[in-house]
Each structure stands twice: as structure tokens, then as C-alpha cells.
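To start, the structure under review is shown below, and the notes come after it.
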Amino acid sequence: EAGANDFLTKPVDRTELLLRCSNLLKAKEYGDLLARYNRELASQVEEKTRELKEGYRDTIMRLVNMSEYKDEETGAHIRRVSRYCAEMGRALGMPPDEVEILELASPMHDIGKVGIPSEILLKRGKLTDLEFSLMKTHPEIGARILAGSRSRVIQVSESIAWCHHERWDGTGYPRGLRGGQIPLEARIMSIADQYDALRSPRPYKGAFSHEKACAIIEEGDGRTMPGHFDPDVQAAIQSGEIVTRMEKRFSPGGPRIIASAPLEISGRSAGAIRAVIPLQDINRSMRHAYSFIFFYILISAVTLILVGF
């Protein structure tokens, strides 16, 4: 307590003094060595944790990126809504670690669409009632894919996948939840998803400006109504700072995996190949490929989960 490590009684014996000093110097050397080792160990743990998180993020994005093989724009949409969710989470005062989890989890909100037939998913015109009923099953499919994990990221992903089409006023699907029954992360995703849909071109409409998209969310347009969204999240998206950041983050299309040029196979274009091979055979083969890719990446994700996030 006084700051002394040892003491000697007078008269001081020279041999004893040298021995005590030697022992104290060795103790100091060992203490410095231990402190240095602890710093190096902490640095290694931090580096491995960073690598694990990067691997976790990469695995998630590769799992989600298979959606781009069905729809290029879906891949860009996934990346944008992930950033929007993080921005809104910060604006709502979520802790930094929860914002990070939200940003990692949100890309998997539409993972259930792997179970929707391509003929419906890529249809250019209006869906029939039966087709829309099938489309509305993708939240439950996604929740089943992600269910049962011990990982906090996958748990949040499951919640978002299952509930991101629920509405604050109870008019959403698949379960008709309302208000606080809807998890916060799904309420954030709901408005991020709608904002991006308004900003993006569709077969039945052009891309809206940031100002018009925000106005529709705030005032409604018949299809989109203010009552669909959590008022607190809606207020967050209307705040000046987050509006500016979201506007900067919006990039129509964004980076894509699939090249826009026609695929050449033995001198034939992809269009010519489709003319030779029946469409149903292509779709069947692609579904098998999606399944293989999905389960391969899912196994990788489970491995990372077992190691620990």
C-alpha cells in the first residue's frame, strides 16, 4: 500500500542488499514480460475477432447474393436497405453493437424468396390473387430457414424476415401483428424497404425523388399510408441529418455480380441457348443450383456461428 516491495533492517548487509535488488529486478522483468504478453494476446484476440466478424459478414452477404442470380436489382436493394436500417438505428439511439447486428441481419429480410417460383418473382405485370398469395409466403419461408440459431445476428434476421411486411395498424402479413407486437428491427426494416421501393423504378412506375418518397411515407398515396409505420421510426426518417445520409447512400442499381453483356456459349448468345432449351428445364436446373449454393453457404454460416460471433 505504501509502494514498497521489500525492506531491509539496519545495519544493511551488502550481500543481502544485492540479493534483494537482484530478485526485485527479476520480478520487475517478469511483470513487464507478462504485461507485454497480455497486450499481445489482447491484440491477437482483437484481430481474430475482427477476422471472424468479417468472415461472418462475408458469409451472410454471399448467402444473400444468390438472390442476384434471379434478380439483379434485388442484390442492390439488399445492400441499400442494410445501410438505411443502420442509419435509422443510430437515429433512434440504439447502442452501437445493436446497430451493427441490425446492419448484418437486415440483408436477409427477403431470404425466403428463394422458395418463390421464378415465374412469379420476375413477373413484369400485376400478380394474380393466387400468385400474390404465394408471394406472401416468403416471410414464413425465411423465418423457417433462419429459425433455431443461437447467434444473435441470425435471431434478429429471423425476426426481420418474419415480420418486415407487418404494419403498425395491423393490416400487414403474414400474421396481422400491430403496434408494439412487431419487433423494432422489423419496424425499421418495413420503412427502409418501402423507402427503397419508392426510390427505385418499377414496371408500373418510375423512380421517385428522395423528397417525394419521404412525402409519400409521411402523407400516403393510397397504396402506402402513414398508418403502416411506427410513428417514432417515421419521425426518424424525416429528420434532417438522417435524410441527408440516406440520400447520399442511395445509388440506383449499385454494384452487381451479373454482367450486363450477353453470355457467349460456343458462339451462341444466352438468348439463343434459351431458345433451344425449354424454359421449364432452365428453371428446374436453376432451382437445383440455388439449393446447392444455399446449403453450401448455410453450412459455412453455421460453422461460423458455432465458433461464436
Handout entry: Audit row: Asp193, His165, side-chain contact (heavy atoms from CB on, under 4.5 Å) steps and yes/no
Key = CA-CA 9 Å; Asp193 200 21; His165 281 294; 4.2 Å; yes
Treating [X] as the side-chain partner and [Y] as the backbone partner, does any N or O pair qualify as donor plus acceptor under 3.5 Å?
{"X": "Glu103", "Y": "Arg83", "result": "no"}
{"X": "Lys123", "Y": "Lys126", "result": "yes"}
{"X": "Ser22", "Y": "Leu18", "result": "no"}
{"X": "Glu166", "Y": "Leu177", "result": "yes"}
{"X": "Thr224", "Y": "Asp221", "result": "no"}
{"X": "Glu131", "Y": "Thr128", "result": "yes"}
{"X": "Ser106", "Y": "Leu102", "result": "yes"}

Kindly work out whether a path of hydrophobic side-chain contacts (I/L/V/M/F/W/Y, heavy atoms less than 4.5 Å apart) joins [X] to [Y].
{"X": "Ile217", "Y": "Leu92", "result": "yes"}
{"X": "Ile120", "Y": "Phe132", "result": "yes"}
{"X": "Val99", "Y": "Leu104", "result": "yes"}
{"X": "Met225", "Y": "Ile191", "result": "no"}
{"X": "Met108", "Y": "Trp162", "result": "no"}

Practice task
Could you list who else is in Leu34's hydrophobic cluster, with ILVMFWY side chains joined at under 4.5 Å, directly or through other members?
Solution key: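 None; Leu34 is a cluster of one.
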Exercise for the section: Answer with yes or no after comparing the ring centroid distance for His77 and His109 against a 6.0 Å cut-off, counting only values under it. Expected result: yes
Where is the tightest heavy-atom contact between [X] and [Y], given as atom of each residue plus distance?
{"X": "His210", "Y": "Arg199", "result": "N-NE, 3.4 Å"}
{"X": "Ser151", "Y": "Ser149", "result": "N-OG, 3.0 Å"}
{"X": "Val156", "Y": "Glu185", "result": "CG1-CG, 3.9 Å"}
{"X": "Ala161", "Y": "Ala143", "result": "CB-N, 4.2 Å"}
{"X": "Glu219", "Y": "Pro226", "result": "C-CG, 3.6 Å"}
{"X": "Ile116", "Y": "Ile141", "result": "CD1-CD1, 4.3 Å"}

Practice task
Step by step, work out the side-chain contact (heavy atoms from CB on, under 4.5 Å) result for Ile78 and Asp110.
Solution key: CA-CA 8 Å; Ile78 286 166; Asp110 273 339; 5.8 Å; no
Practice task
In sequence, state the C-alpha distance, the side-chain angles, and the governing distance for Leu198 and Lys212, and then conclude on side-chain contact (heavy atoms from CB on, under 4.5 Å).
Solution key: CA-CA 8 Å; Leu198 293 169; Lys212 185 171 183 179; over 6 Å; no
[atom1] ([X]) with more than 12 external heavy atoms under 6.0 Å:
{"X": "Trp168", "atom1": "CH2", "value": "yes"}
{"X": "Asp129", "atom1": "CG", "value": "no"}
{"X": "Arg14", "atom1": "CZ", "value": "no"}
{"X": "Glu46", "atom1": "CD", "value": "no"}

Problem - Worked check of side chain to side chain donor-acceptor pair (under 3.5 Å) between Thr171 and Arg178 - result: CA-CA 8 Å; Thr171 60; Arg178 66 170 59 242; over 6 Å; no
Handout entry: side-chain contact (heavy atoms from CB on, under 4.5 Å) assessment of Asp230 paired with Ile188
Key = CA-CA 8 Å; Asp230 180 343; Ile188 292 173; over 6 Å; no
Problem - Minimum side-chain heavy-atom gap Leu127-Leu134 below 4.5 Å - result: no
Problem - Beyond-backbone contact of Val12 with Glu16, side-chain heavy atoms, under 4.5 angstrom - result: no
